[in-house]
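Working notes, beginning with the structure itself.
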Amino acid sequence: MLGTAVVALLQAQVAALPEHRIADIMKPLASPAEAEKNIALFSFAITGVIFVVVAGLIFFTLWKFRRKHDEDEFREPAQVYGSNQIEVAWTIIPVLIVFILIGVTARVIAGVENASPPKNVTKITIIGHQWWWEVKYPDYDIVTANEIHVPSLPDGKAASYLKLESADVIHSFWLPQLSGKTDLIPNRDNFMWINPKEPGVYFGNCAEYCGTQHANMLLRVIAQTPDDFKKWASEQQQNAASAAAMTPERAEFEALSCVNCHAIKGTVAVGKFGPDLTHLMSRQTLGAGVIDNTPANLKIWVNNPQDPKPGCFMPSLKLTDSELTQVVDYLGSLK
Ligand code: CUA
């Protein structure tokens with residue numbers, strides 16, 4: 001009864017989660033994640049056999065030597081002292097099992113870490129910030145945030161090589177369907193690679209507690225056909241169309257302190273502390289996945305980011321209604 005109730009409660013909680021909070025490590029769609037799934041199943045099988053043997057022996061003994069109704073005293077099984085054979089057996093077998101697990105794990109880790117990615121990789125630098133992801137493409141001169149566009153080919157032949165850095169504290173980069181976790185550590189460069197085998201959106205998150213909004217440090221990989229990726233990249237390389245002309249809305253934005261933290265290519269906004277906004281409207285979410293990027297949500301976010309994401313480092317600027325409308329209009333032009 002209680003078990004059923006608990007399961008129902010858990011199922012209801014999972015069902016209530018937004019789709020992007022669920023990514024199944026048992027459905028890998030890239031080489032590193034596949035290798036990790038296989039080794040997890042292998043370890044589970046070995047430990048499962050150990051469990052069945054040990055638990056089986058315990059239950060067999062309990063049953064065999066149980067006290068029967070017509071007995072006054074316990075019957076003891078034969079007591080064996082100092083049997084070399086038994087001691088050698090229960091030493092060597094576990095040692096062998098441990099060495100098999102070590103060997104297999106080391107081989108998979110080395111395979112994932114040393115595998116030289118295919119030749120024409122896309123190089124991407126990812127910088128963890130409290131609580132968002134900065135994403136740079138050094139070969140394309142693109143800076144974006146929280147959404148990593150990568151090319152994808154069915155056989156996994158299109159790989160992306162990720163350089164992982166941190167701007168503040170330790171974060172951990174995790175896309176369950178693509179690869180295991182890798183930490184982003186201040187003053188250290190870590191590397192990993194992914195080769196999504198199907199176009200689509202892959203959800204991930206920060207996997208190392210990094211402060212108040214750790215849980216809302218979400219990321220997504222958007223895997224595209226090479227043609228779509230090229231199209232996206234060339235759009236990102238351009239300035240937003242609105243960077244060509246000065247409008248009252250843009251003038252309002254540039255007069256506010258937004259420009260101290262955010263950059264918009266082709267304008268006076270060159271701040272580095274917050275996400276680059278050059279093509280803000282091309283992104284799916286705001287606040288590193290905390291809300292969808294819709295006009296209504298953009299207004300809520302700009303009005304007071306502490307409302308959807310309490311504790312984040314973007315303050316409410318306490319804009320007047322007309323300032324807020326102008327800023328949101330201008331941001332909406334950053335396509
Ligand atoms: Cu970044 Cu947790």
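- Formation of a donor-acceptor pair under 3.5 Å by the His171 side chain with backbone atoms of Cys206 is not found in this model.
- Just one residue in the list Trp174, Phe173, Tyr202 forms a side-chain contact (heavy atoms from CB on, under 4.5 Å) with Leu219, and that residue is Phe173.
- One distance of note links CD1 of Ile46 with CG of Leu41; it measures 12.0 Å at 0.5 Å rounding.
- Side-chain contact between Val54 and Phe59: absent, with no pair of heavy atoms (C-beta onward) separated by less than 4.5 Å.
- A donor and an acceptor atom, one from each side chain of Glu134 and His129, are located under 3.5 Å apart.
- In this structure, the side chain of Gln306 engages the main chain of Met314 through a donor-acceptor pair within 3.5 Å.
- Not one N or O on the side chain of Asn205 forms a donor-acceptor pair closer than 3.5 Å with the backbone of Met217.
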Next item on the list: Kindly indicate, with the supporting measurements, whether the criterion side chain to side chain donor-acceptor pair (under 3.5 Å) is fulfilled by Thr278 and Asp276.
Entry: CA-CA 6 Å; Thr278 304; Asp276 185 291; 2.6 Å; yes

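- Taken to the nearest 0.5 Å, the CZ atom of Arg220 stands 10.0 Å off from the NE2 atom of His149.
- Counting non-hydrogen atoms of neighbouring residues, nucleotides and ligands closer than 6.0 angstrom, the CG atom of Asp155 exceeds 12 such neighbours.
- Separation of atoms OG (Ser316) and CH2 (Trp301) is listed at 11.5 Å; rounding is to 0.5 Å.
- Between the side chain of Glu87 and the backbone N or O of Gly82 there is no donor-acceptor pair closer than 3.5 Å.
- Between the side chain of Thr125 and the backbone N or O of Lys163 there is no donor-acceptor pair closer than 3.5 Å.
- Pro196 approaches Ala223 most closely through the heavy-atom pair CB-CB, 3.8 Å.
- In this structure the side chain of Val290 never reaches within 4.5 angstrom of the side chain of Leu286, judged on heavy atoms.
- Between Phe65 and Phe60, the ring center distance fails the sub-6.0 Å criterion.
- Linking ILVMFWY residues whenever their side-chain heavy atoms come closer than 4.5 Å, directly or via other members, places Leu298 and Leu324 in the same cluster.
- One hydrophobic cluster holds both Val49 and Leu57 under the rule that ILVMFWY side chains link at heavy-atom gaps under 4.5 Å.
- Counting only residues at least two apart or in different chains, side-chain hydrogen bond (donor to acceptor under 3.5 Å, both in side chains) contacts with residues 28-49 comprise Ser31-Asn195, Glu34-Lys197.
- Atom CD of Glu208 and atom OG1 of Thr182 lie 12.0 Å apart (nearest 0.5 Å).
- A side chain to side chain donor-acceptor pair (under 3.5 Å) with Ser282 is found for one member of Lys335, Gln236, Glu235 and no other, namely Gln236.
- Side-chain contact between Phe99 and Leu101: absent, with no pair of heavy atoms (C-beta onward) separated by less than 4.5 Å.
- For Asn190 (side chain) and Asp183 (main-chain N/O), a donor-acceptor pair under 3.5 Å exists by modelled atom type.
- Two rings, from Tyr137 and Trp232, have their centers less than 6.0 Å apart.
- When hydrophobic clusters are built by joining Ile, Leu, Val, Met, Phe, Trp and Tyr residues whose side-chain heavy atoms come closer than 4.5 Å, directly or via intermediates, Leu162 is not grouped with Ile109.
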Note to self: Could you go through Leu277 and Leu331, starting from their C-alpha distance and side-chain angles, then the distance that decides it, and tell me whether this counts as side-chain contact (heavy atoms from CB on, under 4.5 Å)?
What the structure shows: CA-CA 8 Å; Leu277 301 178; Leu331 292 175; 4.0 Å; yes

Note to self: Evaluate Asn216 against Trp131 for side-chain contact (heavy atoms from CB on, under 4.5 Å), listing each step before the verdict.
What the structure shows: CA-CA 7 Å; Asn216 286 319; Trp131 292 276; over 6 Å; no

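- Pro186 is listed as a side-chain neighbour of Ile170, based on a closest heavy-atom distance under 4.5 Å.
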Margin query: Walk me through whether Ile291 and Lys309 qualify under side-chain contact (heavy atoms from CB on, under 4.5 Å).
Written below: CA-CA 9 Å; Ile291 43 177; Lys309 197 166 179 177; over 6 Å; no

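- In this structure the side chain of Ile39 reaches within 4.5 angstrom of the side chain of Thr105, judged on heavy atoms.
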Quiz: residues 252-260 side-chain donor-acceptor pairs under 3.5 angstrom, not counting sequence neighbours:
residue	atom	partner	partner atom	Å
Glu254	OE2	Arg250	NE	2.8
Glu254	OE2	Arg250	NH2	3.4

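- Taking all atoms of both residues into account, the shortest heavy-atom contact from Ser333 to Ser242 is OG-OG, 3.0 Å.
- Hydrophobic clustering, with ILVMFWY side chains joined whenever heavy atoms are under 4.5 angstrom apart, groups Leu317 together with Val327.
- Pro226 and Pro151 make their closest contact through CA-CB, 4.3 Å (heavy atoms, listed as atom of the first residue, atom of the second, distance).
- Pro32 and Ser179 get closest at one heavy-atom pair: CB-OG, 3.7 Å.
- When atom types are taken as modelled, the side chain of Asn297 and the backbone of Asp292 share a donor-acceptor pair closer than 3.5 angstrom.
- The closest donor-acceptor contact from the side chain of Ser160 to the backbone of Ile194 lies at 3.5 Å or more, if one exists at all.
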Check: Could you walk me through whether Tyr330 and Thr267 pass the side-chain contact (heavy atoms from CB on, under 4.5 Å) check?
Finding: CA-CA 12 Å; Tyr330 174 59; Thr267 77; 3.7 Å; yes

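- Between Gln237 and Ile142, the closest side-chain pair of non-hydrogen atoms falls below 4.5 Å.
- Of all heavy-atom pairs between Val302 and Leu319, the closest is CG1-CD1, 4.0 Å.
- Listed here is the closest heavy atom pair of Leu29 and Leu178: O-CD2, 4.0 Å.
- Thr285 is not listed as a side-chain neighbour of Leu218, based on a closest heavy-atom distance of 4.5 Å or more.
- Other residues, nucleotides and ligands place no more than 12 heavy atoms under 6.0 Å from the NZ atom of Lys136.
- With a 4.5 Å cut-off on side-chain heavy atoms, Pro248 and Gln326 count as touching.
- By the side-chain hydrogen bond (donor to acceptor under 3.5 Å, both in side chains) test, His214 pairs with no residue at all, sequence neighbours left out.
- By the 6.0 Å contact criterion, CZ on Phe44 is open, its count of non-hydrogen atoms from other residues, nucleotides or ligands being 12 or less.
- A donor-acceptor pair is defined here as one N or O able to donate and one able to accept, closer than 3.5 Å; no such pair exists between the side chain of Trp132 and the backbone of Gly289.
- Placement of Ile124 and Ile222 in two distinct hydrophobic clusters is found when ILVMFWY residues are connected by side-chain heavy-atom separations under 4.5 Å, directly or transitively.
- For Gln130 (side chain) and Phe313 (main-chain N/O), no donor-acceptor pair under 3.5 Å exists by modelled atom type.
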Next item on the list: Output, in order, the C-alpha distance, side-chain angles, deciding distance and verdict of side chain to side chain donor-acceptor pair (under 3.5 Å) for Gln224 and Ser152.
Entry: CA-CA 5 Å; Gln224 298 172 297; Ser152 157; over 6 Å; no

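- Other residues, nucleotides and ligands contribute at most 12 non-hydrogen atoms within 6.0 Å of the CG atom of Asp141.
- His279 NE2 to Thr144 OG1: the interatomic distance, rounded to the nearest 0.5 Å, is 9.0 Å.
- Between the NZ atom in Lys123 and the OH atom in Tyr140 there is a gap of 10.5 Å [rounded to 0.5 Å].
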